[in-house]
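Reckoned from all heavy atoms, side chains included, excluding hydrogens, waters and symmetry mates. Each chain gets a letter, A, B and so on, in the order its sequence line appears, and its residues count up from 1.
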Amino acid sequence: MTSVANSYCQSELFDDALELFEEMKCADVEADKFVLSSILSACGRAGNLDYGKAIHDYIIQNGLEVDAHIRCALVTMYASCGCMDMAQQLYDQMIPKNMVVSTAMISGYSRHGRVMDARLIFDQMVEKDLVCWSAMISCYAESDQPQEALRLFKELQILGIRPDQVTMLSVISACAHLGVLDKAKWIHVYVDKNGFGGTLPINNALIDMYAKCGSLERARDVFEKMTRKNVISWTSMINAFAMHGDANNALSFFQKMKEANVEPNRVTFVGVLYACSHSGLVEEGRKVFAAMINEHKITPTHEHYGCMVDLFGRANLLREAVEIVETMPFAPNVVIWGSLMAACQIHGETELGEFAAKRLLELEPDHHGALVLLSNIYAKERKWQDVGDLRQLMKERGISKERGCSRIELDSEVHEFLVADRNHKQADEIYKKLDEVVRRLKLAGYAPNTNSVLVDLEEEEKKEVVLWHSEKLALCYGLINGAKDSCIRIVKNLRVCEDCHTFMKLVSKVYGREIVVRDRTRFHHYRDGVCSCRDYW
DNA sequence: GTAGGGTTAG
């Protein structure tokens, strides 16, 4: 029976393993430390905290909690289930600690985005093998610190530890997050040279990496050369098109995928619906949503409803957007209210926007965007007392917008710029260039648009702030230092504002340069004064 | 004999 339990756990038949454990208890078969460890592992991997706790009780009742292996399995179970307080408490009591349990702690903290806590465990480890290095690299890759992930990968190479496929998947993912194309090309070569190339998961990760680094062509090239493709390959390619605003190809690949008899899953539909909403294909989106439910028997989740709210909201069909919110079978979450609020902002729907913002704040009281929107609405209505209260509240709680940050790569070096950044060694030159660009653009009809500046400033100051947006600084850096005919590639952490969007379009025309900007959610390809998003974003 | 890291979306 024990060996059956073990093999269930190892073959990921967690539910069967748990069931078997029930049978063992009924049959009065005593569970030993081996089977308990396996079952705890199954609980962790299945994320079944309740069952894990029940096993913990059983362990206490039977006086087994002193066993080192059992403790290790318990910590791992709590960490895998995301119960970090409990995991840490047990972990602290473990002396000595081993690599297995420490790695479990690192990935537990990683799933919660608690990078510092993960790093603390990592740094305190006496001995580290490839698995814990991979866990730490993955932690950085998933926590929006791709540069740190790549730094750790470099350190690994210096130490002479050979990475394996799992490490490489995290490294590729880190590069995707970073969004730097030259780095992506380098990693692709590295992967091929070191014999990791050609496998399905690696190819899937490469598709995503190239798409997120701005090269739809290379993503497609990897895809076309694959001899085996699964649902992830197709979904990654559909998302690639969606991200780049090519809804037609996203839909055509969706069609081809079905013809190839690959069954789309819920993630696939998020991609297809996202493509529709970002290109204003309302009718197509409606059809896809219906087909998902009726033909593919997939129950829509928050993400799918969010896409639908977005689809209708962007297209100024706010009544239908509200209908989705009202009729969906569960309570709207932050993302849903946020989509509705954003749509109201685009289309100047004050009343509904206020309503959505208030619902959002009930769920997330410190949501910066919602507070700013409300304060702007109150300002327009001259409710100065309310405006003052909100500003005071934001000040007290220290709520501020994430600072805009853009990067650009030139000559294999990544340069980062914050809003109004003056720290770069070429700062003087960059600001001089900015003046020149503004002068030339004004001749082409440019007028700074301060709609996106929501702080309490005089109009003239607002104009300055808008000109100092990080992507403009990165752009000027590119204009100064890049080859005359090269494409300027910029990655930004926030959404591109209206003014920067116009600015980029004009620069692409006046300076005859191709510019590619990745913002928080998608790509903008500027050429000859036109953006690939056709100003719908 | 037990126990740890991975790719798509959000």
Can a salt bridge be assigned to the pair A/Lys358 and A/Glu362 using a cut-off of 4.0 Å between side-chain N and carboxylate O?
no
Under 4.0 angstrom, heavy atoms only, what part of the nucleic acid is A/Lys128 near: base, sugar-phosphate, or nothing? nothing
In short, side-chain hydrogen bond (donor to acceptor under 3.5 Å, both in side chains) pairs touching residues 195-205 of chain A with sequence neighbours left out are A/Gln165-A/Thr199, A/Asn204-A/Asn230, A/Asn204-A/Ser233
Check: How is A/Leu130 classified with respect to the nucleic acid when contacts are heavy atoms under 4.0 Å: base, sugar-phosphate, or nothing?
Finding: base
Mind listing the side-chain donor-acceptor pairs of residues 323-336 of chain A below 3.5 Å, one per line with the distance, residues two or more places apart or on another chain?
unit_1   : atom_1 : unit_2   : atom_2 : d
A/Thr327 : OG1    : A/Glu323 : O      : 2.7
A/Asn333 : OD1    : A/Val335 : N      : 3.2
A/Asn333 : OD1    : A/Ile336 : N      : 3.0

Does a side-chain N or O from A/Lys97 land closer than 4.0 Å to OP1 or OP2 of B/dA3, or not?
no
Is the shortest side-chain N/O distance from A/Thr167 to OP1 or OP2 of B/dG5 below 4.0 Å? no
Would you say the side chain of A/Asp164 and the base of B/dG5 hold a donor-acceptor pair, judged only by whether the two atoms sit under 3.5 Å apart?
-> yes
Residues 124-144 of chain A vs salt bridge (Lys or Arg N to Asp or Glu O under 4.0 Å), sequence neighbours excluded, gives none
Exercise for the section: Identify whether any heavy atom of A/Asn204 sits under 4.0 Å from a base atom; if not, whether one sits that close to sugar-phosphate; answer base, sugar-phosphate or nothing. Expected result: base
Check: Is there side-chain contact between A/Met341 and A/Leu373, with at least one heavy-atom pair below 4.5 Å?
Finding: yes
| task | Assign A/Asn265 to base, sugar-phosphate, or nothing according to its heavy-atom contacts below 4.0 angstrom with the strands shown. | result | nothing
| Looking across every strand, which nucleic acid part, if any, lies under 4.0 Å from A/Asn203 by heavy atom: base, sugar-phosphate, or nothing? | nothing
Requested in this report: Check every strand shown and say whether A/Val270 touches a base, only sugar-phosphate, or nothing at a heavy-atom separation below 4.0 Å.
Outcome: sugar-phosphate
Whole-Å distance, A/Ile55 CD1 to B/dT2 P, equals 18 Å
Between CZ of A/Arg45 and P of B/dG5 the distance, given in whole Å, is 8 Å
Separation of B/dG4 atom P from A/His69 atom NE2, nearest Å, is 12 Å
Rounded to whole Å, the NE2-P distance (A/His278 to B/dG10) equals 8 Å
If we only count heavy atoms from C-beta on, is the A/Gln88 to A/Ile121 side-chain gap below 4.5 Å?
yes
Residues at least two apart in sequence or cross-chain that pass side chain to side chain contact (heavy atoms under 4.5 Å, CB included) with A/Ala342, listed by chain then number, are none
Residues of residues 81-96 of chain A with a heavy atom under 4.0 Å from any atom of DNA chain B, listed by number, are none
(message) Considering every strand and a 4.0 Å limit on heavy-atom distances, what is the contact class for A/Phe269: base, sugar-phosphate, or nothing?
(response) nothing
From the candidates B/dA3, B/dT7, B/dG1, the one with an atom nearest any side-chain atom of A/Ile232 is B/dT7
Identify each donor-acceptor pair in which a side-chain atom of residues 251-263 of chain A lies under 3.5 Å from a protein atom, sequence neighbours left out, and give them as a table.
unit_1   : atom_1 : unit_2   : atom_2 : d
A/Glu263 : OE2    : A/His296 : ND1    : 2.9

In whole angstroms, the gap separating C1' of B/dG5 from CH2 of A/Trp133 amounts to 14 Å
Here the distance between atom P of B/dA3 and atom CD1 of A/Ile59, to the nearest Å, is 13 Å
A/Ile336 CD1 to B/dG10 C1', in whole Å, measures 11 Å
For residues 148-191 of chain A, the ring-ring contact (aromatic ring centres under 6.0 Å, His included) pairs (sequence neighbours left out) are A/Phe153-A/Tyr190, A/Trp186-A/Tyr190, A/His188-A/Tyr210
Ordered by number, residues from residues 141-161 of chain A within less than 4.0 Å of DNA chain B (heavy atoms) are A/Glu142
Residue pairs passing the salt bridge (Lys or Arg N to Asp or Glu O under 4.0 Å) test with at least one member in residues 228-252 of chain A, sequence neighbours excluded, are none
In numerical order, the residues of residues 169-202 of chain A whose heavy atoms come under 4.0 Å of DNA chain B are A/Leu169, A/Ser170, A/Pro201
When rounded to whole Å, the CZ to P distance for the pair A/Phe122 and B/dG5 reads 15 Å
Think A/Ser138 has a side-chain N or O under 4.0 angstrom from the OP1 or OP2 of B/dG6? yes
Contacts satisfying salt bridge (Lys or Arg N to Asp or Glu O under 4.0 Å) that involve residues 48-77 of chain A (not counting sequence neighbours) are A/Lys33-A/Asp67
Q.
Ring-plane angle category for A/His56 and A/Tyr78, please: parallel below 30°, perpendicular beyond 60°, tilted otherwise.
A. perpendicular
A/Asn239 has its side chain closest, among B/dG1, B/dT8, B/dG6, to B/dT8
Can you see if the side chain of A/Ser41 gets near the phosphate of B/dG4 - specifically, an N or O under 4.0 Å from OP1 or OP2?
yes
So salt bridge (Lys or Arg N to Asp or Glu O under 4.0 Å) across residues 149-163 of chain A, not counting sequence neighbours, yields A/Glu148-A/Arg151, A/Arg151-A/Glu155
A/Ala205 has its side chain closest, among B/dG10, B/dG5, B/dT7, to B/dT7
